[in-house]
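Scroll down for the structure; my scribbles are underneath it.
Indexing begins at 1, ligand by ligand and atom by atom, following the structure's order. Just so we're clear, the structure is a prediction, and the values are computed from it rather than from any experiment.
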Amino acid sequence: MSPEKEIKKVTTNTIQKMKANGEKISMLTAYDYSFAKLFDEAGIDIILVGDSASNVMAGHTTTLPITLDQMIYHAQSVVRARERCLVVIDIPFGYYQSNSEIALASAIKIMKESGGHTVKLEGGEEIIDSVKKIVSAGIPVMGHLGLTPQSINKFGTYVVRATGEEEADKLRKDALLLQQAGCFAIVLEKIPAALAKEVSESLTIPTIGIGAGGDCDGQVLVMHDMLGINTDFKPRFLRRYLNLDEQIKGAVQQYVTDIKSRDFPNQDEQY
Ligand code: KIV
């Protein structure tokens, strides 16, 4: 028998049991092999290959431009690094909204080509047929309600969503519909904490919050924000755990200085 201890992999069942047992769920985005490996080794429960790659990896101002093939490229890199965590992949804008057949084809392409474990879609009632179709094909689906960045042109702004009764009521109904359609979890983005608490308590599936307060069943952040790589983005909900922007710039400035001054490479750093 191998002396190595077998790693217990996180599955969608694990995530659902965590809610039942009152254990909080940790989720973080990643888009490449090296960071995904670090996050998996650090014990993250879920890596989200978010379409925020459009912003933080490609420099677009919204998530809309990223393509399905680009998402698959990022997802493949993350999956290669994964030993333990669950890998969730966003279906990008334009690849599921038109009808459920297209949505299923996109989900199948992601699953076949990336080796990831589940997909994530934004929206409620308007995408419910797609969610059902994907789930019935055996592909687990994570929902996403509240501030759904693929709809930024409808919202016109990134302010907190569902502060009014009408939008809050739609969100409550959508959350229930997504659960009934078979979603295994739902992201709640930038909504009042009291509403997120109410929705989380009303569902049997876990909620993962971003700017939705501490009563969600789990939390997610974008890696570039929490590691301080992207310092222009300073929403109230963000906790920054590192200041990589400063550290990386400092290291590169020192490297440039060392080359210019002929300090690098020294005698011990050559053959
Ligand atoms: O794309 C993304 O990073 C996301 C998170 C903000 C939840 O959807």
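- At least one side-chain heavy atom of Leu86 sits under 4.5 Å from a side-chain heavy atom of Thr118.
- Donor-acceptor pairing under 3.5 Å is recorded for the side chains of Thr204 and Gln179.
- Lys197 places none of its side-chain heavy atoms less than 4.5 Å from the side chain of Cys216.
- Residues Lys170 and Glu166 are not paired through a salt bridge, judged by the lack of any N-O separation under 4.0 Å between the basic side chain and the carboxylate.
- Look at Lys173 and Glu125 and you find no salt bridge, because none of the NZ, NE, NH1 or NH2 atoms lies under 4.0 Å from a carboxylate O.
- Ring orientation note: the planes of Phe35 and Phe39 are tilted relative to one another, at an angle of 30° to 60°.
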Enumerate the pairs of nitrogen or oxygen atoms, one from ligand 1 and one from the protein, separated by less than 3.5 angstrom; state names and distance to 0.1 Å.
{"from": "ligand 1", "atom 1": "1 (O)", "to": "Asp51", "atom 2": "N", "distance (Å)": "3.2"}
{"from": "ligand 1", "atom 1": "1 (O)", "to": "Asp51", "atom 2": "OD1", "distance (Å)": "3.0"}
{"from": "ligand 1", "atom 1": "1 (O)", "to": "Ser52", "atom 2": "N", "distance (Å)": "3.1"}
{"from": "ligand 1", "atom 1": "1 (O)", "to": "Ser52", "atom 2": "OG", "distance (Å)": "3.2"}
{"from": "ligand 1", "atom 1": "1 (O)", "to": "Asp90", "atom 2": "OD2", "distance (Å)": "3.1"}
{"from": "ligand 1", "atom 1": "3 (O)", "to": "Ser52", "atom 2": "OG", "distance (Å)": "2.5"}
{"from": "ligand 1", "atom 1": "8 (O)", "to": "Lys120", "atom 2": "NZ", "distance (Å)": "2.9"}

